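Only a predicted model underlies this, so the values are computations on that prediction, with no experimental measurement involved. Lettering follows sequence order; numbering is per chain, from 1.
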Protein chains: 2
Amino acid sequence: MNEYDCLKLDRQLCFPLYAASKEVIKKYKSFLNELDITYTQYIVMLVLWEENNINVKALGEKLYLDSGTLTPLLKTLENKGYIKRSRLKSDERNLIISITNKGESLKEKAKDIPYKMGKCINLEEKEVVELYKILYKILSQK
Amino acid sequence: MNEYDCLKLDRQLCFPLYAASKEVIKKYKSFLNELDITYTQYIVMLVLWEENNINVKALGEKLYLDSGTLTPLLKTLENKGYIKRSRLKSDERNLIISITNKGESLKEKAKDIPYKMGKCINLEEKEVVELYKILYKILSQK
DNA sequence: CACAATTAAATTGTATACAATTTAATTTAT
DNA sequence: ATAAATTAAATTGTATACAATTTAATTGTG
């Protein structure tokens with residue numbers, strides 16, 4: 001035991017959080033490849049399926065992403081035909097993101113993904129609940 | 001309740017995992033700025049402080065990173081003077097990473113970071129233990 | 001009204017991530 | 001012994017992330 005033991009990798013909480021997040025996202029890839037979208041594009045679509053016609057700022061707040069990430073990503077999703085980007089008439093600073101028919105129909109293809117992913121991550125129901133609770137506790141401390 | 005409810009953002013486990021990981025890393029930034037390293041460079045140094053003279057493959061296995069990420073990052077750390085990159089004489093395919101004196105002395109500056117970070121993330125001791133356990137359970141399912 | 005302050009996106013620059021491929025060194029199998 | 005297979009890094013190409021700055025639109029204030 002010395003004063004540097006706290007620097008051991010397996011003593012850090014940040015590291016398994018970082019690594020597990022990446023590993024879980026990697027597992028999504030095989031399912032998302034079929035929809036021709038990336039993980040970040042997928043979570044953008046998750047928001048839009050729930051709340052259409054949202055501006056970039058609100059989207060970024062929900063997803064913890066800024067315009068530097070979202071601007072190019074939303075252009076990509078528009079090029080793929082899943083969304084439409086248009087300025088809000090009453091305040092042109094706002095870019096409004098809306099789903100196209102193609103984007104709406106993607107929902108049908110996506111709806112099995114959560115179930116498939118659930119089978120990939122082998123956790124007890126109790127662990128899922130606990131993990132969820134702790135992660136949102138961290139997120140609430142912004 | 002409909003068949004698409006499973007696609008709601010707040011029903012996903014992946015999302016808080018992804019978001020919390022990024023938020024935690026963001027909190028590290030203020031501490032790591034003082035050492036002039038990024039989060040990924042920091043976890044590389046964590047490994048090297050524990051195990052000097054490690055090759056890129058072993059480093060990547062510990063950190064869940066591949067050579068595509070590590071190669072440029074290790075060049076950066078070498079340019080900063082914290083590590084040295086050299087080929088293993090007995091098998092030149094291996095690039096061996098070793099710490100310089102400057103890299104070793106960085107450990108002194110880093111040793112308070114885990115404590116400082118702990119104060120940033122407000123979790124009960126029980127929650128920390130539980131989170132840690134669940135995350136490593138996910139990681140063990142590679 | 002006019003101009004400063006604010007706001008929302010976009011842009012710029014730097015640093016990951018990772019799949020897929022390539023290169024170079026070493027090992028295996030014939 | 002030598003060609004084929006394997007292995008470790010490096011490279012290439014694409015896609016995030018995010019801090020910091022810029023641009024353009026709108027709002028607040030004297």
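- When the nucleotides C:dA17, D:dA9, D:dC18 are ranked by their closest atom to the side chain of B:Leu65, C:dA17 comes out on top.
- Closest to the side chain of A:Gln41, from the set D:dA15, C:dA9, D:dT26, is D:dA15.
- Remark: B:Thr40 is in phosphate contact with C:dA17, judged by side-chain N or O atoms under 4.0 Å from OP1 or OP2.
- Atom pair A:Leu74:CG and C:dA9:P shows a separation of 10 Å (rounding to whole Å applied).
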A:Lys27/A:Glu23 under salt bridge (charged side-chain N to carboxylate O under 4.0 Å, His left out): CA gap, chis, key distance, verdict = CA-CA 6 Å; A:Lys27 290 187 184 185; A:Glu23 289 305 307; over 6 Å; no

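- Taking side-chain N and O atoms only, B:Lys75 has a distance below 4.0 Å to OP1 or OP2 of D:dT11.
- A close approach under 4.0 Å does occur between a side-chain nitrogen or oxygen of B:Thr38 and OP1 or OP2 of C:dT16.
- Note: CG (B:Leu88) to P (C:dA24) measures 19 Å, nearest angstrom.
- Listed nucleotides C:dA9, D:dA25, D:dC18 differ in distance to A:Thr71; the shortest reach to its side chain belongs to C:dA9.
- The number of heavy-atom neighbours closer than 6.0 Å to NZ of A:Lys102, taken from other residues, nucleotides and ligands shown, is above 12.
- Listed pair A:Tyr18 / C:dA17 meets the phosphate criterion, a side-chain N or O lying under 4.0 Å from OP1 or OP2.
- Residue B:Thr69 is classed as a base contact, given a heavy-atom separation below 4.0 Å to a base.
- At the heavy-atom level, B:Ser67 lies under 4.0 Å from base atoms of the strands shown.
- Atoms CG (B:Leu32) and C1' (D:dC18) sit 15 Å apart, rounded to a whole Å.
- D:dA20 atom P lies 8 Å from atom CG of B:Asn33, rounded to whole Å.
- The side chain of B:Arg93 lies closest to D:dA8 when the candidates are C:dA15, D:dA8, D:dA9.
- If you run side-chain contact (heavy atoms from CB on, under 4.5 Å) between B:Leu59 and each of B:Leu65, B:Leu74, B:Ile43, only B:Leu74 comes through.
- We find that CG of A:Leu95 is positioned 13 Å from P of D:dA25, with the value rounded to whole Å.
- Applying the ring pair (Phe, Tyr, Trp, His ring centres under 6.0 Å) test to B:Phe31 and every residue at least two apart in sequence or in another chain returns nothing.
- If you take NZ of A:Lys27 and C1' of C:dA19, they are 18 Å apart, rounded to a whole angstrom.
- Of the candidate nucleotides C:dA17, C:dA25, D:dT16, D:dT16 has the atom lying nearest to any side-chain atom of A:Leu73.
- Residue A:Lys57 places none of its side-chain N or O atoms closer than 4.0 Å to OP1 or OP2 of C:dT6.
- B:Asp66 comes within contact range of at least one nucleobase, with a heavy-atom separation under 4.0 Å.
- For the pair A:Asn55 and C:dA8, the criterion of a side-chain N or O lying under 4.0 Å from OP1 or OP2 is not met.
- Taking the charged nitrogens against the carboxylate oxygens, A:Glu78 and A:Lys75 have no contact shorter than 4.0 Å, which rules out a salt bridge.
- A close approach under 4.0 Å does occur between a side-chain nitrogen or oxygen of A:Arg85 and OP1 or OP2 of C:dA10.
- Position along DNA chain D of the nearest nucleotide to A:Asp91 versus A:Tyr39 favours A:Tyr39 as the more 5'-ward residue.
- Atom-to-atom, CZ of B:Phe15 to P of D:dT16 comes out at 15 Å; the value is rounded to the nearest Å.
- The A:Arg87 side chain lies nearest to C:dA10 when the options are C:dC18, C:dA25, C:dA10.
- With rounding to whole Å, B:Leu77 atom CG is found 12 Å from C:dA15 atom C1'.
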ask   = Hey, mind stepping through B:Glu3 and A:Lys111 against salt bridge (charged side-chain N to carboxylate O under 4.0 Å, His left out) and telling me if it holds?
value = CA-CA 8 Å; B:Glu3 58 177 329; A:Lys111 78 174 198 297; 3.7 Å; yes

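- Close to D:dC18, at under 4.0 Å from its OP1 or OP2, lies a side-chain N or O of B:Lys22.
- Contact annotation: B:Lys26 side-chain N/O to D:dC18 OP1/OP2 distance is under 4.0 Å.
- Checking each of B:Tyr39, B:Tyr64, B:Tyr18, B:Tyr42 against A:Tyr18 for a ring pair (Phe, Tyr, Trp, His ring centres under 6.0 Å) leaves exactly one that passes, namely B:Tyr39.
- B:Asn94 comes within 4.0 angstrom of sugar-phosphate atoms only, judged by non-hydrogen atoms across all strands, and of no base.
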